[in-house]
Amino acid sequence: MAPLQGQELLGNLLGCEPDRRRRRDRCLPEPAVLGRHARLHLVASAPLRRAGLKRPLRPPRRHDPRGVADAPGRWCRISALMSDPIHVSSVRELSRNIGNQVILSGWLDNKRSSGKIAFLQVRCGGGTVQAVAGRKDVSDEAWADIEKVTQESTIRLTGTVKEEKRSPSGVEIQLAGFEILHLTQDFPITPKEHGTAFLMEHRHLWLRSSRQRSALRVRSEVEQAIRDFFYERDFTLIDSPILTPAACEGTSNLFETDYFGDKAYLSQSGQLYLEPAAAALGKVYCFGPTFRAEKSKTRRHLMEFWMVEPEIPFLEFDGLCDLTEEFVAYLVRRVLERCQPELKVLERDQSKLEAIVPPFPRITYTEAVERLNKAGNPIVWGDDFGGDEETILASQFDRPVLVSRFPAAFKAFYMQPAPEDDRVVLGVDLLAPEGYGEIIGGSQRIHDHDLLLQRIRQHDLPLEAFQWYLDVRKYGAYPHSGFGMGIERFVAWMCGLSHLRETIPYPRMLYKIYP
RNA sequence: UCCUCGGUAGCUCAGUGGUAGAGCGAUCGGCUGUUAACCGAUUGGUCGGGGGUUCAAGUCCCUCCCGAGGAGCCA
């Protein structure tokens, strides 16, 4: 129940008849949750006075910030002292405080003023609201402060909330008081344009801009949706280790660190650690940071990124493709449902996202090669796709396409060979539309001990480092499948951003680790 | 690592071998409904570093540094 504030507190408590002799009296719902700054003054109303009760009733919890008026059956009237403004910690709370006095602390986004009127754009709780002050509405001291306050200064303001069509948000605060908590000098990011190199040097301050705030809110929603998706389907979250003794897949470059005299590496995937856990707990997933020391210098790569990886026992390849499709459709729907303000700030073409509904087209690698050749791309069977190939393929569909059954030669060692043709493996990549490319890579894993051993040897991997991984095939082997999704690529797709660096608060890129 | 393009005021950028420029910001003044407010004035420079060609280099050449985009690799 939303706290009752200000004038709403005037009324009769607990389901009694409204006292119609006083216009402002109203009947409160039961139980009434009182706003933080409500001061209760309960007095016996006429029927109780007639019954002989003369002294005021004590309020249930006087000055309790979250007080509940819980005096069931009492026949009494509440009145509130209206002198204290209501503390507001986010501009989102303003729409239910129309007409009330509020007090709000935040940062000054921008200011526009003429000689005798000033408009302040105030950021509070991630959103912004316009505050307006006329010269005569505030004290001389407050007006002097309004005149000298600078962009990104910290301020505290008091005023009345009102609906106002001329305000960008439709709500406005008519200022009564204004106070500078900290006067900022020369905030580097001005309201005009800046280059990305400059903005990245000031990433810690760039976060305050509306587009960056929106992208990070979408990221937060996506991460919440991921956890909800797996929680609702009875998965257990397994936090895989970040420090690992050896390469998980052996192909990519790893960040090396010292581990008490031994070498250790930052994890590039949690999947291998998930497979033993799946034998213990059933459906599992991991979700955490991942590190690749590849010298990739493109808009689609970060050195540190977040990956979610589910692993499902007894799920075979077709079921994996179904899960991939269901997962992506769920996340897109959640973003559309809960991130409307953010998508509007980002000017995302939402019709492109609304089209992301099952079923997704599914083609094999061999079919993909044929399609590419028809489209004039000279790729031959056995080559891996590059960015161009992914874009051409994805552009042939209006929703993500699942490409499966790749040549074993360029895929990871643990992928299960296809039953009909052992030159290809049961791996699947999901290519997103609009040039966003590979979002998900998954596969059915080899569960036969001897075959996996053979693959480890073929890939020249250090056998001793994989003994524990082989144990999964030694003690109760089971078919299983899973996939990995890069959060930043997915968020970039949702937001329509061309570069991953804006989808993570502090991106780590080639040679760049500041701030 | 390779390829391409860049580096000029705090920021974004013009600049034809011949006097270093604009807009924004900042500072000062004006303006009672602004929407990246507007109007006037002021302020602001190691032209990325070094070397060379030239009477003269921001401009041409060499070299190094830094940045952006892409390739490979991948999510």
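Basis for what follows: all heavy atoms, side chains included, without hydrogens, waters or symmetry-related copies. In what follows, every chain begins at residue 1, and chains take the letters A, B, ... in the order their sequences are listed. Just so you know, these numbers come straight off a predicted model, no measurement behind them.
One interatomic measurement links the two molecules: CZ of A/R112 to P of B/C39, which rounds to 15 Å at whole-angstrom precision. Distance CD (A/Q151) to P (B/C11): 15 Å, rounded to an integer number of Å. In this structure, A/R300 atom CZ and B/A71 atom C1' are separated by 10 Å, rounded to whole Å.
At the heavy-atom level, A/D384 lies under 4.0 Å from the strands shown only through sugar-phosphate atoms. Counting any heavy atom pair closer than 4.0 Å across all strands shown, A/E172 reaches a base atom. Residue contacts for A/M307: at a heavy-atom cut-off of 4.0 Å it reaches the sugar-phosphate backbone alone, with no base atom in range. As judged by a 4.0 angstrom heavy-atom cut-off over every strand, A/T290 is placed among residues making no nucleic acid contact. Among the atoms of the strands shown, only primed sugar atoms or phosphate atoms (P, OP1, OP2) are found under 4.0 Å from some heavy atom of A/H499. Note on A/G134: nothing from the nucleic acid sits closer than 4.0 angstrom, heavy atoms only. Within 4.0 Å of A/R135, counting heavy atoms only, lies no atom of the nucleic acid at all. The residue A/I440 sits close only to the backbone: its heavy atoms come under 4.0 Å of sugar-phosphate atoms, none of a base. Nucleic acid contact class of A/F305 (heavy atoms, under 4.0 Å, all strands): base. Within the nucleic acid shown, A/S113 comes within 4.0 Å of at least one base atom, counting heavy atoms only.
With C1' as the reference atom, B/G25 and B/C11 are 7 Å apart, rounded to whole Å. Spacing of C1' atoms, B/A26 relative to B/C61, comes out at 40 Å, to the nearest Å. Nucleotides B/G67 and B/G49 are separated by 15 Å at their C1' atoms, to the nearest Å. The separation of B/A36 from B/G51, taken at their P atoms, amounts to 48 Å, rounded to a whole angstrom. When the P atom is used for both B/A14 and B/G7, the distance is 7 Å, rounded to whole Å. A distance of about 11 Å separates the P atoms of B/G15 and B/G6, rounded to the whole Å.
The ring of A/F119 does not lie on top of the base of B/G33; it is either too far (5.5 Å or more) or too tilted (30° or more).
If you check B/C60 for Watson-Crick or wobble pairing at under 3.5 angstrom, you find it paired to B/G52. When both pairing distances are held under 3.5 Å, B/A14 makes no Watson-Crick or G-U pair with any nucleotide shown. Under the Watson-Crick or G-U wobble criterion, with both distances below 3.5 Å, B/A41 is paired with B/U27.
For the salt bridge (Lys or Arg N to Asp or Glu O under 4.0 Å) condition, no pair includes a residue of residues 496-515 of chain A, sequence neighbours left out. For the salt bridge (Lys or Arg N to Asp or Glu O under 4.0 Å) condition, the pairs that include at least one residue of residues 133-143 of chain A, sequence neighbours left out, are A/R135-A/D140. Sorted by first then second residue, the salt bridge (Lys or Arg N to Asp or Glu O under 4.0 Å) pairs that include residues 113-123 of chain A, not counting sequence neighbours, are A/D109-A/R123, A/R123-A/E152. Residue pairs meeting the salt bridge (Lys or Arg N to Asp or Glu O under 4.0 Å) criterion with at least one member in residues 173-186 of chain A, sequence neighbours excluded, are A/R156-A/E179.
Cation-pi geometry between A/R423 and A/W381 is met: the NZ or CZ atom falls under 6.0 Å from the ring centre, inside 45° of the normal. With A/F413 as the aromatic partner, A/R457 does not meet the cation-pi criteria of under 6.0 angstrom to the ring centre and within 45 degrees of the ring axis.
Between the base of B/C74 and the side chain of A/H301 there is a donor-acceptor pair shorter than 3.5 Å. Judged by atom type and distance alone, A/E201 does not reach the base of B/G67 through any side-chain donor-acceptor pair under 3.5 Å. For A/S296 against B/C73, a side-chain-to-base donor-acceptor contact under 3.5 Å is present.
None of A/H202, A/E201, A/M200 except one satisfies the side-chain contact (heavy atoms from CB on, under 4.5 Å) rule with A/F198; the exception is A/H202.
In the set B/C74, B/G25, B/U34, the nucleotide with an atom closest to the side chain of A/E294 is B/C74.
Distances shorter than 4.0 Å separate none of the side-chain N or O atoms of A/K297 from OP1 or OP2 on B/A71.
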| said: Run A/E325 and A/R362 through salt bridge (Lys or Arg N to Asp or Glu O under 4.0 Å) and show every step you take. | reply: CA-CA 10 Å; A/E325 178 180 276; A/R362 299 182 187 189; 3.5 Å; yes
| request: Test salt bridge (Lys or Arg N to Asp or Glu O under 4.0 Å) on A/E488 and A/R219 and set out the steps. | output: CA-CA 8 Å; A/E488 289 77 14; A/R219 178 192 176 98; 3.0 Å; yes
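Residues from residues 501-515 of chain A placing a heavy atom under 4.0 Å of any atom in RNA chain B, listed by number, are A/R501, A/K512. Near RNA chain B, meaning a heavy atom under 4.0 Å away, the residues from residues 487-495 of chain A are A/R489.
Each of A/P188 and A/Q185 lies near RNA chain B, and the nucleotide nearest A/P188 is the one positioned closer to the 5' end. Where A/K411 and A/D186 meet RNA chain B, the nucleotide closest to each residue was compared, and A/D186 sits on the side nearer the 5' end.
Counting non-hydrogen atoms of neighbouring residues, nucleotides and ligands closer than 6.0 angstrom, the CD atom of A/E347 reaches no more than 12 such neighbours. For OH of A/Y231, the number of neighbouring non-hydrogen atoms (other residues, nucleotides, ligands) closer than 6.0 Å is 12 at most.
Taking 4.0 Å as the cut-off between side-chain N and carboxylate O, A/R292 and A/E304 do not count as a salt-bridged pair.
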